[in-house]
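Chain letters run A, B, ... following the sequence lines, proteins first, then strands; residues in each count from 1.
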There are 2 protein chains.
Amino acid sequence: MKFEAVTIKDIAKALGLSTSTVSRALRDSYEISPETKKVVLEYAREINYRPNPIALSLKEKRSRSIGIVVSEIANSFFSQSINGIESVAHSKGYNVIIAQSLESYEREVMSMQFLASRSIDGCLLSVSTETKDFTHITDLHARGLPIVCFDRIIESIDTHKVFIDNFQGAYDATTHLIRNGYRRIANLSNAENLSITRERLAGYRKALEDNDIEFDERMVKYCPHGGMIYDEVDKASTELLKQKPKPDALFASADKLTTNFMRYCKANKVIIPTDIAVIGFSNLDLTELLSPSLSVVRQPAFTMGQIAAELLINIIESKRAVTDFENRILPAEVFVRESSAPKRKQPVLKEA
Amino acid sequence: MKFEAVTIKDIAKALGLSTSTVSRALRDSYEISPETKKVVLEYAREINYRPNPIALSLKEKRSRSIGIVVSEIANSFFSQSINGIESVAHSKGYNVIIAQSLESYEREVMSMQFLASRSIDGCLLSVSTETKDFTHITDLHARGLPIVCFDRIIESIDTHKVFIDNFQGAYDATTHLIRNGYRRIANLSNAENLSITRERLAGYRKALEDNDIEFDERMVKYCPHGGMIYDEVDKASTELLKQKPKPDALFASADKLTTNFMRYCKANKVIIPTDIAVIGFSNLDLTELLSPSLSVVRQPAFTMGQIAAELLINIIESKRAVTDFENRILPAEVFVRESSAPKRKQPVLKEA
DNA sequence: CTGAAAGCGCTAACAA
DNA sequence: TTGTTAGCGCTTTCAG
């Protein structure tokens, strides 16, 4: 059962006009007389005529909808980005179809295929942690599907890219820990293959270097699913904390890594910041209510979504193929709270 | 610019067949010879043929997409519900278009209109807090658009409804506070017009009654935007806490009310649970990491989404008009944590 | 077993 | 200024 919509044909019949006249009148074409327009417009309003977007899509070969592929909508960063995307998409007459990869390569491929088969006009993408092979993306892109990458970037694709200054964010967070007296700083890191992982790791290393702290590979652990799977965080955390000498602080490179590390500490009676100070990437709006309140690196997620959507729609609506692509790099902001409070001098233990 | 898809016509031309034969072969029609089928299928796979869903929609007068209207996707309850909805929608070949009302009546009307004009086959709806006039919904429903309500229900519409046992959840939460020694229990409540508000209020009142505690109207404050606007929570909380005698516990009727009340307490140095014990509805998965860890009433959001989507797709796909509607009521679960710890005896103050 | 043709709602070239 | 017609990709009578 489906509700029958009014069509142009109905109007034409009722008014004794042809469908093309009605069509033109509705679209305010110059070739239609003012009177006819008036009659048509009035009648259309009266019977609440709405053009059928499907027929339009078929005709124009575009659907006025854009796809979004992210790992998870139940992630504050992504839900905020999506809000930004929607705000500009809707204002430009596009609707938005959201797909989640749940950090699975297979699901990402399926999602992209699904969206493409639903005739989206373009796609906004933040790849899954599992994705190492990008052919499902580059293929569609090569076939002409406009794609804009945000947050987790793919280097091998030539298009607009929107992301934050991950290096700077990580550098600032790590430097903050160092300034607060921490010297042995671990890094709970995202999947090794992601662009953001590499950049954040580089920022972390540079901060250590600039403060004459030697980089220790054993202080870095990767979580292949970005913290989405608790067991991975559990394992990585355990390994980090059993290092000798023990880390006195931790920088977490992703939202779920940060919160799941806190979960780990709570479960294992590790006291923050006494046993270990913590700062991490997070876009949760509750971090100040956590125990202890959490120092974070926060991304301008809403703005990122807006920019990415604008760039995508630019490509879609440009007459000629766009060949000049830009990287939009936004700042990350550090919020300092209790979890990274200055290190307190402790009774001298066996470690020097 | 748009990437050109392969059509049935291309296949027909390449194979020297008619489009109808190809169409039938692809759909495994009985009237096509096995050999022809084989050739067509093979060639189709080879050139990666995908049927154009837009053409199909136009023909079949259905889009195989369903709309979701919720107040906010950046709300754990709704993002979890959406996951449930998507899981069944995708498995049944539907895609999902999400719209947010952001608790605004106007935006809700626009969203519904937008979705309807995008030819959705049906709609899942949880109304905004502001919505008191339901004609935008009942109109579409009367015109034949299948609608299923979830969480926040509209009584005046005859359709499937999926929600939790709000009365029970509120009753259990309030009873828990009473058992832990609290007697003067405030209720931070959602918009007065919502179904869930009335039901939760009723559960709260019944629990008081069953324990011989007199209901005091001054102990209930409504937040017209369900806690989304912090100032409303701030104002309501201030009013509640200045009552004499002061409340010793608070039951919050919605996710954002609960967390924003905690924010209020933190900002105003109100200690939980010493100054006031707290339990509230919330689907956040971080409540045990808050300070103090938060006692909550939790909804089976994912399951609700699944059920709602199944019911909607049932209506959509039923041959005859569905007239027999059901209310699916799911249990709410109470999780007890520190924020509602048993009341400690205190030095006798001026209150008896 | 296969093909020709109509039609879903709309637009646009072409005719009048 | 308006009407006729073809066509977007697909399914589906109706003919062969």
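Across residues 34-42 of chain A, not one residue has a non-hydrogen atom less than 4.0 Å from an atom of DNA chain C. Near DNA chain D, meaning a heavy atom under 4.0 Å away, the residues from residues 7-17 of chain B are Thr7(B), Ile8(B), Lys9(B).
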Listing, residues 84-96 of chain A side-chain donor-acceptor contacts under 3.5 Å, not counting sequence neighbours, or none:
from	atom 1	to	atom 2	distance (Å)
Glu86(A)	OE1	Gln100(B)	NE2	3.0
Ser87(A)	OG	Gly84(A)	O	2.8
Ser91(A)	OG	Val88(A)	O	2.9
Tyr94(A)	OH	Arg62(A)	NH2	2.5
Tyr94(A)	OH	Glu317(A)	OE2	2.8

Would you list the atom pairs, donor with acceptor, under 3.5 Å between side chains in residues 302-310 of chain A and any protein atom, with sequence neighbours excluded?
none

Cut-off 3.5 Å, no hydrogens considered: what does the side-chain donor-acceptor table look like for residues 108-115 of chain A, sequence neighbours left out?
from	atom 1	to	atom 2	distance (Å)
Glu108(A)	OE1	Ser128(A)	N	2.6
Glu108(A)	OE1	Thr131(A)	OG1	3.2
Glu108(A)	OE2	Thr131(A)	OG1	3.2
Glu108(A)	OE2	His136(A)	NE2	2.8
Ser111(A)	OG	Arg107(A)	O	2.7

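Under the side-chain contact (heavy atoms from CB on, under 4.5 Å) criterion, Ser79(B) pairs with Ile73(A), Ala74(A), sequence neighbours left out. Among residues two or more places apart in sequence or in another chain, the side-chain contact (heavy atoms from CB on, under 4.5 Å) test is passed with Asp133(A) by Tyr105(A), Thr135(A). With sequence neighbours left out, Leu56(B) forms a side-chain contact (heavy atoms from CB on, under 4.5 Å) with Pro51(B), Glu60(B). Partners of Phe134(A) according to the ring-ring contact (aromatic ring centres under 6.0 Å, His included) rule, which considers only residues two or more places apart in sequence or in another chain, do not exist here.
For the pair Ile32(A) CD1 and dA12(C) P, the interatomic distance rounds to 13 Å; values are reported in whole Å. For the pair Leu58(A) CG and dT11(D) P, the computed distance is 12 Å after rounding to whole Å. As rounded to whole Å, 14 Å separates atom C1' of dG7(D) from atom CG of Asn52(B). Rounding to whole angstrom units, NZ of residue Lys61(A) and C1' of dC10(D) are separated by 13 Å. Atom CD1 in Ile54(B) sits about 15 Å away from atom P in dC10(C), given to the nearest Å.
Counting heavy atoms from C-beta on, the side chains of His141(A) and Thr159(A) come closer than 4.5 Å. Proximity of Asp151(B) to Val127(B): side-chain heavy atoms (C-beta onward) are nowhere separated by under 4.5 Å. Residues Thr7(A) and Asp10(A) form a side-chain contact, since some pair of their non-hydrogen atoms from C-beta on lies under 4.5 Å apart.
Of the candidate nucleotides dC8(D), dC8(C), dT2(D), dT2(D) has the atom nearest to the side chain of Ser33(A).
Annotation: the terminal axes of the helix from dC1(C)-dG16(D) to dA16(C)-dT1(D) meet at 60°, where each axis is the rotation carrying the C1' atoms of four end pairs onto the next four (5 pairs per end, rounded to 10°).
The ring-ring contact (aromatic ring centres under 6.0 Å, His included) pairs that include a residue from residues 28-67 of chain B number zero, where partners must be two or more places apart or lie in different chains.
Here Tyr49(A) does not reach the OP1 or OP2 of dG9(C): none of its side-chain N or O atoms lies under 4.0 Å away. One finds no side-chain N or O of Tyr30(A) lying less than 4.0 angstrom from the OP1 or OP2 phosphate oxygen of dT2(D).
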Please enumerate all protein N or O atoms sitting under 3.5 Å from an N or O of nucleotides 12-16 of chain D, with distances to 0.1 Å.
from	atom 1	to	atom 2	distance (Å)
dT12(D)	OP2	Arg27(B)	NH1	3.3
dT13(D)	O4	Arg24(B)	NH1	3.3

Where do Glu326(B) and Arg328(B) land on the salt bridge (Lys or Arg N to Asp or Glu O under 4.0 Å) test, with the steps shown first? CA-CA 6 Å; Glu326(B) 35 180 326; Arg328(B) 287 285 192 92; 2.9 Å; yes
Quick one, Arg64(A) with Asp121(A), criterion salt bridge (Lys or Arg N to Asp or Glu O under 4.0 Å). Give me CA distance, side-chain angles, the key distance, then yes/no. CA-CA 6 Å; Arg64(A) 285 207 155 261; Asp121(A) 294 341; over 6 Å; no
